[in-house]
Amino acid sequence: MIKNQHILLCLVDDDIIHQFIVKKLVRSIKNYHEKILVFSNGEEAIKHIKSSLERISELPDLILLDINMPIMDGWEFLDQYISIEPNLKKEIKIYILSSSDNPEDIKKAMGYEKISDYLIKPINETQLSSLLEAI
C-alpha cells in the first residue's frame, strides 16, 4: 500500500501503448490518486522541470524514463537534467524503463549517478507499486 498519496509520477516515453499501460497500472494501485505527468520525449519533460523549478509541488518525485525517443532521447534528457539538478529543491528518483536489454545500455545507464535502476518494459503493478512505496 502506498504510504504517501502525494507522489507525483512522471513518465517520459513516446510509446502511446506503454503510456496507456502505465496510466492504467497507476489507477489500479490502492491509495495512489495523484495525476501522472506524461511526456512523449525528453525535451518536453526538461521544459516542464525547468519551468517548475520554483514550484516544488509541480516537480515529479519519480521519473520513468525511456531511452529511445524522438526529438530528445533518454541520454540527452539525463545530460540536460544533470545540468539543472543543482537548481532543484527536491530529490527526484529516476528509473530507466526501456525495452532495450542491451548490456551496453544498462552499463551506460548505471554510469549515471542519478539512475536508481534499469527496468525492462513492460512494468507490472508490483514493480510500479514498489517504486512508489520507496519514495
Side-chain angles (χ1 to χ4, degrees):
M1 180 158 50
I2 306 303
K3 300 170 196 162
N4 183 349
Q5 292 184 15
H6 302 289
I7 297 169
L8 186 54
L9 171 65
C10 176
L11 175 64
V12 185
D13 193 332
D14 64 318
D15 181 342
I16 59 171
I17 294 170
H18 193 250
Q19 290 176 1
F20 174 80
I21 290 168
V22 171
K23 287 178 191 176
K24 187 172 177 155
L25 288 175
V26 165
R27 284 192 301 268
S28 71
I29 296 174
K30 291 182 180 184
N31 294 331
Y32 186 83
H33 304 291
E34 297 297 311
K35 68 176 185 169
I36 72 168
L37 302 171
V38 179
F39 301 104
S40 295
N41 61 67
E43 183 178 64
E44 292 174 359
I46 282 293
K47 282 181 180 177
H48 173 80
I49 291 170
K50 285 180 177 179
S51 70
S52 302
L53 288 174
E54 297 302 318
R55 295 181 308 282
I56 295 173
S57 65
E58 294 180 22
L59 290 170
D61 298 288
L62 172 65
I63 297 174
L64 300 178
L65 178 66
D66 189 19
I67 295 173
N68 299 310
M69 296 175 287
I71 302 172
M72 180 187 283
D73 67 20
W75 306 124
E76 294 167 314
F77 169 88
L78 286 168
D79 292 338
Q80 289 281 319
Y81 178 85
I82 289 167
S83 73
I84 63 170
E85 186 195 16
N87 300 318
L88 293 173
K89 296 178 174 117
K90 176 181 196 175
E91 182 181 348
I92 301 174
K93 296 254 187 215
I94 303 175
Y95 289 83
I96 298 290
L97 183 57
S98 177
S99 55
S100 171
D101 61 358
N102 181 328
E104 290 301 314
D105 284 341
I106 296 168
K107 182 179 177 182
K108 183 175 180 178
M110 298 318 292
Y112 282 89
E113 184 181 315
K114 290 307 302 173
I115 298 299
S116 296
D117 204 354
Y118 190 104
L119 306 169
I120 305 295
K121 287 181 186 177
I123 194 168
N124 62 44
E125 184 177 346
T126 303
Q127 288 173 309
L128 184 55
S129 186
S130 291
L131 295 181
L132 293 169
E133 285 180 12
I135 299 294

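As the structure is a prediction and not an experimental result, all values here were calculated from the model. FYI, the numbering just counts along the sequence from 1.
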Q | Over all atoms of both residues, closest heavy-atom pair of H48 and E58 | A | NE2-O, 2.8 Å

Q) More than 12 non-hydrogen atoms from neighbouring residues, nucleotides or ligands closer than 6.0 Å to NZ on K121, yes or no? A) yes

Q) OG of S40 to CD1 of I16: how many Å apart, nearest 0.5 Å? A) 8.5 Å

(Q) To the closest 0.5 Å, what do you measure between CD1 (I7) and CG (L62)? (A) 8.0 Å

Q: Please report the closest heavy-atom contact between P60 and I92, naming both atoms and the distance.
A: O-CG1, 3.1 Å

Q | Worked check of side chain to side chain contact (heavy atoms under 4.5 Å, CB included) between V12 and L65 | A | CA-CA 5 Å; V12 185; L65 178 66; 3.8 Å; yes

Q: With the side chain counted from C-beta on, respond yes when Q127 and N124 share a heavy-atom pair under 4.5 Å apart, and no when they do not.
A: yes

Q. Is the closest side-chain heavy-atom distance between H18 and D66 below 4.5 Å?
A. no

Q) If you take all heavy atoms of K89 and I56, which pair is closest and at what distance? A) CB-CD1, 3.7 Å

Q: Could you walk me through whether D105 and W75 pass the side chain to side chain contact (heavy atoms under 4.5 Å, CB included) test, one step at a time?
A: CA-CA 10 Å; D105 284 341; W75 306 124; 3.9 Å; yes

Q. About how many Å separate CG of D61 and CD of E91, when rounded to the nearest 0.5 Å?
A. 9.5 Å

Q.
What I'd like to find out is whether the side chain of E133 reaches to under 4.5 Å of the side chain of S129, using heavy atoms alone.
A. yes

Q: For residues I96 and I67, determine if any side-chain heavy atom of one lies less than 4.5 Å from a side-chain heavy atom of the other.
A: yes

Q. Is I71 reachable from I46 through a run of hydrophobic residues whose side-chain heavy atoms are each under 4.5 Å from the next?
A. no

(Q) Pair I49, L59 - check side chain to side chain contact (heavy atoms under 4.5 Å, CB included), show working. (A) CA-CA 6 Å; I49 291 170; L59 290 170; 4.0 Å; yes

Q) In Å and rounded to the nearest 0.5 Å, what is the CG to OG distance from L78 to S83? A) 11.0 Å

Q: Flag yes if F20 and F39 sit in one hydrophobic cluster, no otherwise; membership is Ile, Leu, Val, Met, Phe, Trp, Tyr, and two members link when side-chain heavy atoms are under 4.5 Å apart.
A: no

Q | Residue pair L11 / V26, side-chain heavy-atom distance below 4.5 Å | A | no

Q) For M69 and G74, which heavy atoms make the closest approach, and how far apart are they? A) CE-N, 3.6 Å

Q: Verify the neighbour count for atom NZ of K47: are there more than 12 heavy atoms of other residues, nucleotides or ligands below 6.0 Å?
A: no

Q. Do the side chains of L97 and D13 get nearer than 4.5 Å, heavy atoms only?
A. no

Q: State plainly whether one hydrophobic cluster holds both L53 and F77, where clusters connect Ile, Leu, Val, Met, Phe, Trp and Tyr through side-chain heavy atoms under 4.5 angstrom apart.
A: yes

Q: Calculate, to the nearest 0.5 Å, the distance between atoms CD1 and CG belonging to I123 and L128 respectively.
A: 4.5 Å

**Q.** Side-chain heavy-atom pair L131, L9 within 4.5 angstrom cut-off
**A.** no

Q | Taking every non-hydrogen atom, the tightest pair across S116 and M110 | A | O-CE, 4.2 Å

**Q.** Reported CD1-to-OH distance for the pair I94 and Y112, which is rounded to 0.5 angstrom
**A.** 10.5 Å

(Q) Looking at every non-hydrogen atom in both residues, tell me the closest pair between Q19 and V38 and how far apart they are. (A) CD-CG1, 3.4 Å

